[in-house]
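Small disclaimer: the values here were computed from a predicted structure and weren't measured.
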Amino acid sequence: MNLPTWITLSRLLGLPFILYLLTDPTIAHRWLCVGIFVVAAGTDWVDGYLARKLDLVTDLGKFLDPLVDKLLVLGSLLALIELQLVPAWGVFLIMAREIAIAGWRVNPVLTGKSNISGANIWGKLKTVVQIIAIAALIAPLDPQWDTLTTVLFWLAVVFSLISGWIYILPNISSSKEKSIDSPSLPDAK
């Protein structure tokens, strides 16, 4: 494992603290969680930058980076459900997209590719919106900010769904073309 991959894995260290501190969501705990979340989320940029700059991009890094992002985002969103700051069905839509894309990305039968593809620009935009929304929702802001944080959350849901559709659509087309050209796969039992 190289330095960018270690940085990716370090992102997970913040999640237990966030989850623990949000079980007692005092103002101080929530601000501390915002700080931990933003620093952890910021390592996403750092590991990607270093991997490209030092020419250390690996399939393991391309696999772990979005997986760790998903754990950080979904773990935080689950805590926000418990605090009744976001609806479970909105988080479910994000979770369904994340699981579908993760499976699609690494499954060569579905994609027709034997290597792991990285996130596209829509996936990166989705991640940024999710990070902003989660940080704003965790922060103990005055009630006047409730509308903005709600809008940010729903923008994160919409960007999640759009980016998922944009990611899968071209792959569906190429999968259909490949299935016409090649014999069908045996039935799974």
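The two residues V68 and L9 make their nearest non-hydrogen contact at CG2-CD2, 4.4 Å. Considering all non-hydrogen atoms of both residues, G123 and S163 come closest at N-CB, 3.9 Å. Looking at every heavy atom in both residues, T43 comes nearest to R11 through OG1-NE, 2.9 Å. For the residue pair H29 and D24, the shortest heavy atom distance occurs at ND1-O, 2.7 Å. Summarising the geometry of G61 relative to P66, their closest heavy-atom pair is O-CD, 4.2 Å, with the distance given to 0.1 Å. A136 and L152 make their closest contact through CB-CD1, 4.0 Å (heavy atoms, listed as atom of the first residue, atom of the second, distance).
Proximity of T5 to D47: side-chain heavy atoms (C-beta onward) are nowhere separated by under 4.5 Å. Inter-residue side-chain proximity for V158 and L161 is flagged as unmet; no heavy-atom pair is nearer than 4.5 Å. The side-chain heavy atoms of L77 and M95, taken from C-beta on, include no pair separated by under 4.5 Å. With a 4.5 Å cut-off on side-chain heavy atoms, T147 and T150 do not count as touching. Taking the side chain as every heavy atom from C-beta outward, T23 and L19 never approach each other to under 4.5 Å.
In this structure, CZ on F37 lies 5.5 Å from CD1 on I138, to the nearest 0.5 angstrom. How far CD1 of I7 is from CG of L50: 5.0 Å, rounded to the nearest 0.5 Å. With rounding to the nearest 0.5 angstrom, the CD1 atom of I18 is 6.0 Å from the CG atom of L15. To the nearest 0.5 Å, atoms CG (L60) and OG1 (T8) are separated by 8.5 Å. Between atom CG of residue L21 and atom OG1 of residue T26 there is a gap of 8.0 Å, rounded to the nearest 0.5 Å. If you take CG on L125 and CG on L155, they are separated by 9.5 Å, rounding to the nearest 0.5 Å.
Judged as a ring pair (Phe, Tyr, Trp, His ring centres under 6.0 Å), the pairs with a partner in residues 134-154 (not counting sequence neighbours) are, in order, W89-W154.
Under the side-chain hydrogen bond (donor to acceptor under 3.5 Å, both in side chains) rule, S160 has a single partner from E98, K126, Q130, which is Q130.
Hydrophobic clustering of Ile, Leu, Val, Met, Phe, Trp and Tyr side chains at less than 4.5 Å, counting indirect connections, unites I99 with I94. When hydrophobic clusters are built by joining Ile, Leu, Val, Met, Phe, Trp and Tyr residues whose side-chain heavy atoms come closer than 4.5 Å, directly or via intermediates, I131 is grouped together with V157. Cluster membership for L72 and L80, using ILVMFWY side-chain heavy atoms within less than 4.5 angstrom, is shared. A single hydrophobic cluster is not seen to contain both V91 and I162; linkage of ILVMFWY side chains at heavy-atom distances under 4.5 Å, directly or through other members, places them apart. There is a path of hydrophobic side-chain contacts, each under 4.5 Å, that joins V38 to Y20.
In this structure, D55 places its CG atom where only 12 or fewer heavy-atom neighbours from other residues, nucleotides or ligands lie under 6.0 Å away. The local environment of CD in Q144 is crowded, with over 12 non-hydrogen atoms from other residues, nucleotides or ligands closer than 6.0 Å.
Under 3.5 Å, the side chains of T149 and D146 contain no donor-acceptor pair of N or O atoms.
Between the side chain of R30 and the backbone N or O of L137 there is at least one donor-acceptor pair closer than 3.5 Å. In this structure a side-chain-to-backbone donor-acceptor pair under 3.5 Å is missing from R97 to L93.
Taking the side chain to side chain contact (heavy atoms under 4.5 Å, CB included) definition, one finds that V128 meets it with I132, sequence neighbours left out.
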